Amino acid sequence: MINIAIDGPSGAGKSTLAKALAKELGYIHTDTGALYRTVGLAVRRAGISPDDKEAVIALLPSVRISLRYEADGQKIYLDGEDVGALIRTNEISSYASKVSAIPEVRAFLLELQRGIARENNVIMDGRDIGTVILPDAEVKFFITVSDEERARRRHRELAARGESLSLEEVRRTMAERDKSDSTREIAPAVPAPDAVFLDNTGDFTETVSRALAIIRSKTERHE
Ligand code: DC
């Protein structure tokens with residue numbers, strides 16, 4: 001199986017890029033942020049504070065997450081309910097970031113991610129895919145985008161979902177989330193030593209072409 005890891009900060013366009021590449025290559029695309037978001041949603045629904053580590057850990061055995069891959073991409077379920085749309089709010093972003101810093105939460109989601117990669121040609125995006133989840137991935141990318149452009153994209157995305165935060169508010173919450181995601185003790189969002197840096201600020205079609213050329217050159221010997 002061929003595994004491609006895409007890591008980088010929030011709003012860098014990892015999922016959009018991963019989706020485009022998966023379509024081009026006929027691989028599945030696993031959005032691992034959705035897993036942390038779904039744990040965040042379960043915590044929110046249980047009325048637990050995401051800062052209460054012990055309570056979050058105690059909840060884990062009852063959190064049943066499953067993924068399904070369909071023609072239009074990944075579907076995620078919590079206790080059999082499709083929660084794909086519910087996990088995209090700004091509130092759940094913050095829950096996800098907090099619970100993702102708890103080692104037990106990361107351990108809880110580890111095997112699910114590795115199992116998918118064992119059984120499928122996959123493009124997996126997240127924060128620690130190249131460093132922790134798939135250290136032997138054939139290709140690893142670390143996506144970068146200018147801070148200004150990232151905030152603008154995220155602001156547009158939230159506005160399209162009816163969340164009217166100011167650009168300044170988006171910029172502030174993104175900076176807070178990035179800081180804790182990249183400085184936490186466990187699996188910080190940092191590039192793997194063998195990751196290829198890919199700037200996604202400019203033309204998207206060009207980013208896709210560049211990524212495809214790199215993937216093809218690195219995987220030819222496997223095919
Ligand atoms: O990619 P995203 O914004 O949907 O991710 C939501 C949160 O989950 C983010 O704050 C960091 C965390 N996350 C993580 O710690 N590890 C991953 N592989 C993916 C996401």
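Given the structure is predicted, the values throughout are model-derived calculations rather than measurements. First listed ligand is number 1; within each ligand, the first listed atom is number 1.
No option in D194, N3, D7, T131 other than D194 meets the side chain to side chain donor-acceptor pair (under 3.5 Å) test with K140.
At least one donor-acceptor pair closer than 3.5 Å links the side chain of R106 to the backbone N or O of S100. In this structure, Q113 contributes its side chain and T32 its backbone to no donor-acceptor pair below 3.5 Å. Side-chain N or O atoms of D199 include one that pairs as donor or acceptor with a backbone N or O of T201 at under 3.5 Å. Listed for the K14 side chain is a donor-acceptor partner under 3.5 Å among the backbone atoms of G8. Within the 3.5 Å criterion, the main-chain N or O of E169 finds a donor-acceptor partner in the side chain of T173. A donor-acceptor pair under 3.5 Å is absent between the side-chain atoms of S97 and the main chain of S94, judged by distance alone.
Among G33, S15, S10, S182, the residue whose heavy atom lies nearest to atom 20 (C) of ligand 1 is G33. Distances from atom 15 (O) of ligand 1 to the heavy atoms of M174, R106, R127 show the closest one on R106.
Looking at atom 8 (O) of ligand 1, its nearest protein heavy atom turns out to be Y36 CB, 3.5 Å. The protein heavy-atom contact nearest to atom 9 (C) of ligand 1 is R177 NH1, 3.3 Å. Here the protein heavy atom with the shortest distance to atom 4 (O) of ligand 1 is R37 NE, 2.6 Å.
Close N/O approach between T32 and ligand 1 is found [any backbone or side-chain N/O within under 3.5 Å]. The shortest N or O to N or O distance between D181 and ligand 1 is below 3.5 Å.
Of all atoms in ligand 1, listed by their number and element, those nearer than 4.0 Å to a heavy atom of S97 are 10 (O).
Contacts between Q113 and ligand 1 below 4.0 angstrom, taking non-hydrogen atoms only, are absent altogether.
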